[in-house]
Trainee: 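Just passing along the structure, written as C-alpha cells.
Chain letters run A, B, ... following the sequence lines, proteins first and then strands; every chain starts at 1. Side chains are part of it too, since the values below use all heavy atoms of this structure and drop only hydrogens, waters and symmetry mates.
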Amino acid sequence: MARHLITSAIPYINGIKHLGNLVGSQLPADLFARYQRARGHEVMFICATDEHGTPAELAAAKAGKPVAEYCTEMHEVQAEIARGFKLSFDHFGRSSSAQNRKLTQHFAVQLAKAGLLREVTEKQMYSKADGRFLPDRYIEGTCPNCGFESARGDQCDNCTKQLDPVDLINPHSVISGSTDLELRETKHLFLRQSAMKDQLDAWIDSKTDWPILTTSIAKKWLHDGDGLQDRGITRDLSWGVPAQFEGAPWSGMEGKVFYVWFDAPIEYLAATQEWADKTGGDWERWWRTDKGADDVTYTEFMGKDNVPFHTLSFPATILGSNEPWKLVDYIKSFNYLNYDGGQFSTSRGRGVFMDQALEILPADYWRWWLLSHAPESADSEFTWENFQTSVNKDLADVLGNFVSRITKFTRSKFGEALPEGGAWGEQEDALIAELTTRIRAYETHMEAMDIRKSAAELRAIWVAGNEYLQASAPWSAFKTDPDRAAAIARLALNLIPLYAVLSAPFIPDAADSMLGAMQTEDRSWPQDVKAALTALPAGHAFVTPEVLFRKIADEEREDWQKRFAGTRD
RNA sequence: GGCUAGGUAGCUCAGCUGGUUAGAGCACACGACUCAUAAUCGUGGGGUCGGGGGUUCAAGUCCCCCCCUCGCCA
C-alpha cells in the first residue's frame with residue numbers, strides 16, 4: 001500500500017470561484033485522490049482557503065464586517081460548495097489558522113538563521129486618510145502616457161503601459177479616494193531566492209517527467225533576464241501572520257505581516273496539522289521525512305498562474321529551512337478554461353460560478369464535463385452546446401441508458417433479482433478480454449494523471465456494455481432459450497457495480513446510486529474482471545433505479561446561455 | 001517587442017524517441033435492432049496535418065523563414 005499526499009492550490013477567500021478555477025486544481029486533485037483511495041492506497045488530500053492580504057481586508061470592509069469574521073463566513077460558504085461538488089478533502093483548512101501562523105513564523109526564522117533573508121528599504125505610497133501603505137494596484141490616477149483617467153499604479157488598463165505609482169497624474173487611493181498620498185520609506189524582508197537559483201535549477205532539471213507546462217514556466221523564471229529574483233515576503237498590513245522572531249517582535253519589522261504568498265503554501269502543512277489536531281492523527285508522518293514521510297508520494301495540482309510559486313518560492317522555503325520537510329514529487333498544472341469565446345470574468349459575472357452550477361444541475365454533470373475536457377495540453381473552452389451534447393450522449397445515453405435497459409429488461413422478463421441458469425460463451429469471453437485490456441489502460445492513464453485519456457477510456461468501457469447487449473441480444477434469446485437470456489442478464493447486471501467502482505472518481509453520486517440499485521456495498525477494484533462479473537450471484541435482488549442522468553433540453557441550454565452571458569454583479 | 005504553448009476531418013481533440021493506405025468522440029448519411037432515457041449497435045463519406053523551403057530512402061513528427069491564435073512578461 002502506497003501513501004499519497006495530495007494538495008490542491010488553495011482558493012482565495014474573497015468570493016466564489018468559477019468553473020475554470022475548479023477544473024484547474026480542486027477537481028482533478030479530487031479525481032486523483034478518489035482513484036488512489038479506490039486502489040486501496042492511503043491518501044491525505046488537503047485543501048484550504050487562502051485568507052490573508054489586502055483584497056480580503058477590503059472585501060470585509062465593503063461587507064461592513066471585521067475581516068476575521070468575514071473570512072470565517074466565506075470559508076464556510078466555500079466549504080459548503082466544495083461539499084456540493086463532492087470534493088473529498090481529508091481536511092479543508094484555513095490559512096489564518098493558529099497552526100499556519102506558527103509554522104509560517106517558524107519557516108521565516110529558519111530562513112533567517114540560514115542567511116536567506118535580507119532587509120530591503122524601499123519607498124512606497126502611504127495614504128494618510130487610510131492610515132496604511134497602498135499596494136500599487138490600489139492607487140489610481142491619470143495615465144501619463146495616454147491620459148486615461150483610471151490607470152492603476154502598476155499598469156494602465158487602457159494603453160497597457162507598465163507604471164509606477166509616482167508616474168500617475170493626480171494619484172488617489174482606490175479605497176478612500178483620498179489624494180493625500182506621500183512616498184514613505186519602509187523596510188521589508190526579502191527571500192534570497194537568487195542565492196538558491198542553482199539548487200532550484202538542478203532540482204527542476206531532475207524532474208524530467210513533469211508536464212512541460214510546469215517545467216517551462218519554472219525555467220523561464222529561473223533564466224529570464226537577470227535570473228531568479230529575490231522576493232519580498234513581508235507587507236505593511238495588519239491582516240496576516242505577524243512578522244515575529246521566536247515569539248518576539250522581529251526587529252525592524254514591527255507591525256508588519258508576512259506576504260500572503262509566503263504563508264499560503266505553508267498552509268498545506270498547517271492544514272494537515274489542523275487535521276491532526278482535530279482527529280488525533282499524526283501530521284508529521286506526512287510531511288517530515290525523518291518522521292515517516294520518506295515513503296510518501298506528494299502531488300500538487302494547480303492552474304498555470306500558480307506554478308512559479310510552487311516550483312520556486314515554496315521549494316526555496318522548504319529547502320532553505322535546512323529541515324527534513326517533504327518536497328513535492330510531481331506538479332500537475334493546468335491551462336485555463338475559457339467561457340464561450342472569451343474569459344470567465346468574476347467582475348463582469350461572465351461564465352458559470354460554482355454556486356450557480358450546482359443550482360442548475362447536480363455535481364456529476366459538471367464533474368464529468370470538466371474532467372473529460374480538462375485543459376491539460378492547451379487552454380480549452382466551455383460552450384453550452386458542447387456541454388449539452390457531452391452530458392446527453394455520454395452520461396444519459398451511453399451509461400444511464402445502459403443501466404436502464406438491462407434493469408428494466410430483467411425486471412419484465414425475470415423479476416427484480418439476478419436470474420438463474422444458462423452459460424457463458426464466446427461473447428462473454430470477448431467482453432471480459434476487452435474490459436480487462438481497457439481497465440488496465442484506464443489504470444495507466446489515471447496513474448499518469450492523463451485525465452482526458454482516462455475519461456475517454458472510461459467511456460469506452462461503458463460503450464462495451466452496450467456493444468455486448470447488442471451482440472448477445474437477450475431479448476431475442478429469451479424467445480427461444482430463456483436460460484441463455486438469463487445468463488446474459490446476470491452478467492450485464494454485474495456490469496453495473498463494476499461501472500460504479502470504475503466511474504466513482506469521476507461521478508461519485510451516480511456511482512452510489514448504481515451500487516444502491518444493485519444493493520451491494522462492495523467497492524473493491526476489479527483486478528480480476530471475470531470474478532467481478534460473477535460477484536453478484538443468481539437470486540441477488542436489485543432495485544430498478546430512477547433515471548440516472550436526465551437530458552439537457554435545448555430550451556434549458558438556451559436559457560442558461562443567456563443567463564450567464566455576463567450580468568452578475 | 002520578448003518568452004511559453006498551440007495551429008491535424010464541420011466541431012472538440014489523440015498522434016511517444018521520424019517508417020506500412022493520418023486516428024477517436026460528436027455531427028452527417030445509410031443500415032441493423034426494438035430490451036432501453038426516440039436510447040443502442042454497425043458501416044460509410046469527409047483532412048494537400050497553418051504557408052513556404054530544407055535534411056532524409058522515408059516527416060504531421062527534425063531544421064530554417066513567414067502567418068495566425070492563447071497566455072505570461074516588458
Trainee: What interatomic distance, in whole Å, is found between P of B:rA5 and the corresponding atom of B:rU43?
Mentor: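 Approximately 39 Å lies between the P atom of B:rU43 and that of B:rA5.
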
Trainee: Between A:Glu467 and A:Lys413, name the one whose nearest nucleotide on RNA chain B is closer to the 5' end.
Mentor: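 Residue closer to the 5' terminus by nearest nucleotide: A:Lys413.
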
Trainee: Quote, to the nearest angstrom, the C1' distance that separates B:rU8 from B:rA14.
Mentor: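 After rounding to an integer number of Å, I get 10 Å for this pair.
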
Trainee: How far does the C1' atom of B:rA27 sit from the matching atom of B:rC11, given to the nearest Å?
Mentor: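 8 Å, rounded to whole Å.
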
Trainee: Need to verify one output field. Residue with the more 5' nearest nucleotide on RNA chain B, A:Glu546 or A:Lys479?
Mentor: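 It is A:Lys479, whose closest nucleotide lies nearer the 5' terminus.
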
Trainee: Go through B:rU12, B:rA32, B:rU34 for me and flag the one nearest to the A:Asn386 side chain.
Mentor: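 Given the options B:rU12, B:rA32, B:rU34, the side chain of A:Asn386 is closest to B:rU12.
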
Trainee: Taking the minimum atom-to-atom distance to the side chain of A:Trp475, which one of B:rU40, B:rC13, B:rC35 wins?
Mentor: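 Of the candidates, B:rC35 comes closest.
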
Trainee: Tell me whether the side-chain N/O atoms of A:Lys453 come closer than 4.0 Å to OP1 or OP2 in B:rC13.
Mentor: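 For B:rC13, neither OP1 nor OP2 has a side-chain N or O of A:Lys453 closer than 4.0 Å.
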
Trainee: So if I take every side-chain heavy atom of A:Thr389 and compare against B:rC13, B:rC26, B:rU40, which nucleotide ends up nearest?
Mentor: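 Selected nucleotide (nearest to the side chain): B:rC26.
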
Trainee: Are A:Phe414 and A:Phe478 near enough that their ring centres are under 6.0 Å apart?
Mentor: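 Yes: the rings meet the under 6.0 Å criterion.
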
Trainee: For A:Val463, report the nucleic acid contact type (base, sugar-phosphate, nothing); a contact means any heavy atom under 4.0 Å.
Mentor: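 Result for A:Val463 = sugar-phosphate.
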
Trainee: Say you pick atom C1' in B:rA22 and the same atom in B:rG60; how far apart are they, in whole Å?
Mentor: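 Going atom to atom, C1' in each nucleotide, I get 8 Å.
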
Trainee: When A:Gln388 is tested against each of A:Lys393, A:Lys551, A:Gln561, A:Arg557 for side-chain contact (heavy atoms from CB on, under 4.5 Å), which residue passes?
Mentor: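 The side-chain contact (heavy atoms from CB on, under 4.5 Å) with A:Gln388 is passed solely by A:Arg557 among A:Lys393, A:Lys551, A:Gln561, A:Arg557.
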
Trainee: In this structure, which one of A:Trp368, A:Phe506, A:Tyr442 forms a ring-ring contact (aromatic ring centres under 6.0 Å, His included) with A:Trp462?
Mentor: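 Result for ring-ring contact (aromatic ring centres under 6.0 Å, His included) with A:Trp462: A:Trp368.
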
Trainee: Using the side-chain heavy atoms of A:Arg452, tell me which of these nucleotides is nearest: B:rU37, B:rA32, B:rC13.
Mentor: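 The answer is B:rC13.
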
Trainee: Check whether any side-chain heavy atom of A:Trp560 sits under 4.5 Å from a side-chain heavy atom of A:Leu361, and report yes or no.
Mentor: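 Yes, side chains in contact.
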
Trainee: Can you tell me the distance, in whole Å, between the CG atom of A:Leu371 and the P atom of B:rC13?
Mentor: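 It works out to 16 Å between those atoms.
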
Trainee: In whole Å, measure the gap between the C1' atoms of B:rC73 and B:rG7 for me.
Mentor: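 Straight-line distance between the two C1' atoms is 23 Å.
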
Trainee: If the C1' atom of B:rU21 is compared with that of B:rG25, how far apart are they to the nearest Å?
Mentor: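 Nearest-Å result for B:rU21 against B:rG25 at atom C1': 23 Å.
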
Trainee: Could you state the atom-to-atom distance from CE of A:Met514 to C1' of B:rU37 in whole Å?
Mentor: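 Roughly 15 Å, once rounded to whole Å.
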
Trainee: With a 4.0 Å cut-off on heavy atoms, is A:Leu469 in touch with a base, just the backbone sugar-phosphate, or nothing at all?
Mentor: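 It contacts nothing in the nucleic acid.
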
Trainee: Could you tell me the separation between the CZ atom of A:Phe402 and the P atom of B:rC35, rounded to a whole number of Å?
Mentor: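 Those two atoms, CZ and P, are 16 Å apart.
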
Trainee: Identify the nucleotide, in any strand shown, that forms a Watson-Crick or G-U wobble pair with B:rG42, with both distances under 3.5 Å; if there is none, say none.
Mentor: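 Partner of B:rG42: B:rC30.
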
Trainee: Please report whether the ring centroid of A:Trp369 lies less than 6.0 Å from that of A:Phe382.
Mentor: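 Yes, ring centres under 6.0 Å apart.
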
Trainee: State whether the number of non-hydrogen atoms from other residues, nucleotides or ligands found under 6.0 Å of A:Glu558 atom CD is greater than 12.
Mentor: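 Enclosed: over 12 neighbouring heavy atoms sit under 6.0 Å from CD of A:Glu558.
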
Trainee: Mind checking the C1' distance from B:rU48 to B:rU37? Whole angstroms is fine.
Mentor: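 Nearest-Å result for B:rU48 against B:rU37 at atom C1': 44 Å.
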
Trainee: Find the distance A:Asp397:CG to B:rU37:C1' and express it as a whole number of Å.
Mentor: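 That distance rounds to 7 Å.
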
Trainee: Below the 4.0 Å mark, does B:rU37 have OP1 or OP2 next to a side-chain nitrogen or oxygen of A:Lys408?
Mentor: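 Yes, such a contact exists.
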
Trainee: Who does B:rG71 pair with, Watson-Crick or G-U, both distances under 3.5 Å?
Mentor: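 By the stated definition (distances under 3.5 Å), B:rC3 pairs with B:rG71.
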
Trainee: For the base of B:rA39, is there a side-chain donor-acceptor partner from A:Asn401 under 3.5 Å away?
Mentor: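 Check fails, no donor-acceptor contact within cut-off.
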
Trainee: For the pair made of CD in A:Gln427 and P in B:rC41, what is the distance, rounded to whole Å?
Mentor: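 It works out to 15 Å between those atoms.
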
Trainee: Do the side chains of A:Lys17 and A:Phe353 get nearer than 4.5 Å, heavy atoms only?
Mentor: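 No, too far: nothing below the 4.5 Å cut-off.
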
Trainee: Less than 4.0 angstrom between a side-chain N/O of A:Arg459 and OP1 or OP2 of B:rG25, yes or no?
Mentor: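 Result: no.
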
Trainee: For B:rA9 and B:rG47, measure between their P atoms and round to the nearest Å.
Mentor: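 Between the two P atoms, the distance is 11 Å.
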
Trainee: From the list B:rA27, B:rC35, B:rU37, which nucleotide is the closest neighbour of the side chain of A:Gln470?
Mentor: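 Closest of the options to the side chain of A:Gln470: B:rC35.
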
Trainee: Rounded to the nearest Å, what distance is computed from the OH atom of residue A:Tyr468 to the C1' atom of nucleotide B:rA36?
Mentor: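 So the two atoms are 16 Å apart, to the nearest Å.
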
Trainee: Starting at CZ of A:Phe409 and ending at P of B:rU34, how long is that distance when rounded to a whole Å?
Mentor: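 In whole Å, B:rU34 P and A:Phe409 CZ are 12 Å from each other.
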
Trainee: Return the value, rounded to whole Å, for the distance between atom CG of A:Leu495 and atom P of B:rC35.
Mentor: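 My rounded result for the distance is 20 Å.
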
Trainee: May I ask which nucleotide in the shown strands pairs with B:rG25, Watson-Crick or G-U wobble, both distances under 3.5 Å?
Mentor: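 By the stated definition (distances under 3.5 Å), B:rC11 pairs with B:rG25.
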
